[in-house]
Amino acid sequence: MKIKEAASRLNTTPRTIRFYEEKGLIQPEKGENDYRYYNEADLWKLQTILALREVGMSTSKIKTTLQDENEVRKYLNMQRSALYEEWLEIKDMISTLDQMLEQPSFSQKDIFTLSNHLKDVKQKRKSWEDQWNFDSQAKDYDKSLKRSGFRFNVHEFYEEALGSAVGFVKPVEGETGLDIGIGTGNLAEKCFESGASMIGVDQSEEMLKVCGEKHPTIDTRHGHFLALPLMDKQVDFIVSSYALHHLTDEEKLLALQEMDRVLNDNGRIAIADLMFEDEEQKEAVMDQFEEEGNTEAIFAIRDEYYGLRSQLSGWFEQHGYRVEVKRLSDILHVVYAVKV
DNA sequence: CTTCTCACA
DNA sequence: TGTGAGGA
């Protein structure tokens, strides 16, 4: 089949097909006359190229995607999270513009403040990278849970924490739940045992792969706290365990806002994580570690962003949630919030 | 009808 | 990331 027929069959132009060839996406056979001849396999490939272009994937990304047929899903997943991130950015730009227009008297300063805030939010979303290298931890994560630290075990009461989160949320058959930072899926598993269908978000492709193999029924999606790959009000409840402490305190509040966006009316949120009660208790606990000379604990805590339970419940209450909390240890708490 | 190249946004 | 013109 010559190029024009191929083009019309695929609803594109010969010029475009040649362009893809130039970019190294496809190599059709050439006849004596130097004409390009396309076979069925070429058409299939062109079809996927066109489809990937249609969802906004760059030609260079498409090239790497097509290297391994089995990886197509993975790249589509990445593409989805990238598009959600763009969508959120545009939404933020629009609402900032709206706010600028709402200013009664146009003062340079207020506009600048708004634009700076917007820039800040964009920055935070973009800079969220895999600082903890979860990709390489993925395969051994479950094993590492069982191995305690020498003098400081962050996973003490791990099972209790997950159990308590699910106990708060009480998933019901037919509901859709979201687990953010799903990891290998231990918490989500307890949720879908009670009949809810689960969506799991993680920024690590490797984690998603391990999770997908362990729990094929979970809808695993690439994404992160600051840009959830979901539409507004799409889930009935949200759970998250041992994940929020990877975000700075400022980012934590943005993350709560993002959860609020995807959560349905009357939705529930349960967060089980390493955190302190409040500033006072944090100081007391850190002093205690200091006295005991427990440097292992101090380093571990300094290495991440253990937040304050009071900060989280404060945000929830300000935004119309009813809050319940449970303390499992000095540094392990569950925060439960219902949107009312 | 197809090819290629150059220029253009 | 494509598109249009123009010659062979």
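Each chain gets a letter, A, B and so on, in the order the sequences are listed, and its residues count up from 1. Everything numeric in this text was worked out from a predicted model, so none of it was measured.
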Can you build the contact string for nucleotides 2-9 of chain B? Use B for base contact, S for sugar-phosphate-only contact, and - for no protein heavy atom under 4.0 Å. SBS-B---
Does Thr16(A) make a side-chain N or O approach to OP1 or OP2 of dT1(C) shorter than 4.0 Å? no
Would you say a side-chain N or O of Thr13(A) is under 4.0 Å from OP1 or OP2 of dG2(C)? no
Check DNA chain C against residues 19-27 of chain A and give the residues with a non-hydrogen atom under 4.0 Å, in numerical order. Phe19(A), Tyr20(A)
My understanding is that a hydrophobic cluster links ILVMFWY residues whose side chain heavy atoms are under 4.5 Å apart, including indirect links. Using that, what else belongs to the cluster containing Leu88(A)? Tyr84(A), Trp87(A), Met231(A)
Glu324(A) with Lys326(A): basic N within carboxylate O range, under 4.0 Å: no
When you check the gap from the basic side-chain N to the acidic O, do Arg18(A) and Glu22(A) get nearer than 4.0 Å? no
Is the ring centre of Tyr242(A) less than 6.0 Å from the ring centre of Tyr158(A)? yes
Phe192(A) and His215(A): aromatic ring centres closer than 6.0 Å? yes
I'd like to check the side-chain contact (heavy atoms from CB on, under 4.5 Å) partners of Ile298(A); sequence neighbours left out, ordered by chain and number. Met286(A), Phe289(A), Glu290(A), Arg302(A)
Residues two or more places apart in sequence or in another chain: which of them pass side-chain contact (heavy atoms from CB on, under 4.5 Å) with Lys119(A)? none
Is the number of heavy atoms from other residues, nucleotides or ligands within 6.0 Å of NZ (Lys122(A)) greater than 12? yes
Bracket notation of DNA chain B in which parentheses pair within the strand, [ ] cross earlier pairs, and | pairs with another strand (Watson-Crick or G-U, under 3.5 Å): .|.||||||
Check whether Lys214(A) reaches the backbone of Glu189(A) with its side chain - one donor and one acceptor, N or O, closer than 3.5 Å. no
Expressed as a whole number of angstroms, how long is the span from Lys63(A):NZ to dT1(C):C1'? 16 Å
Where do Leu178(A) and Val235(A) come nearest, in terms of heavy atoms and distance? CB-CG1, 4.0 Å
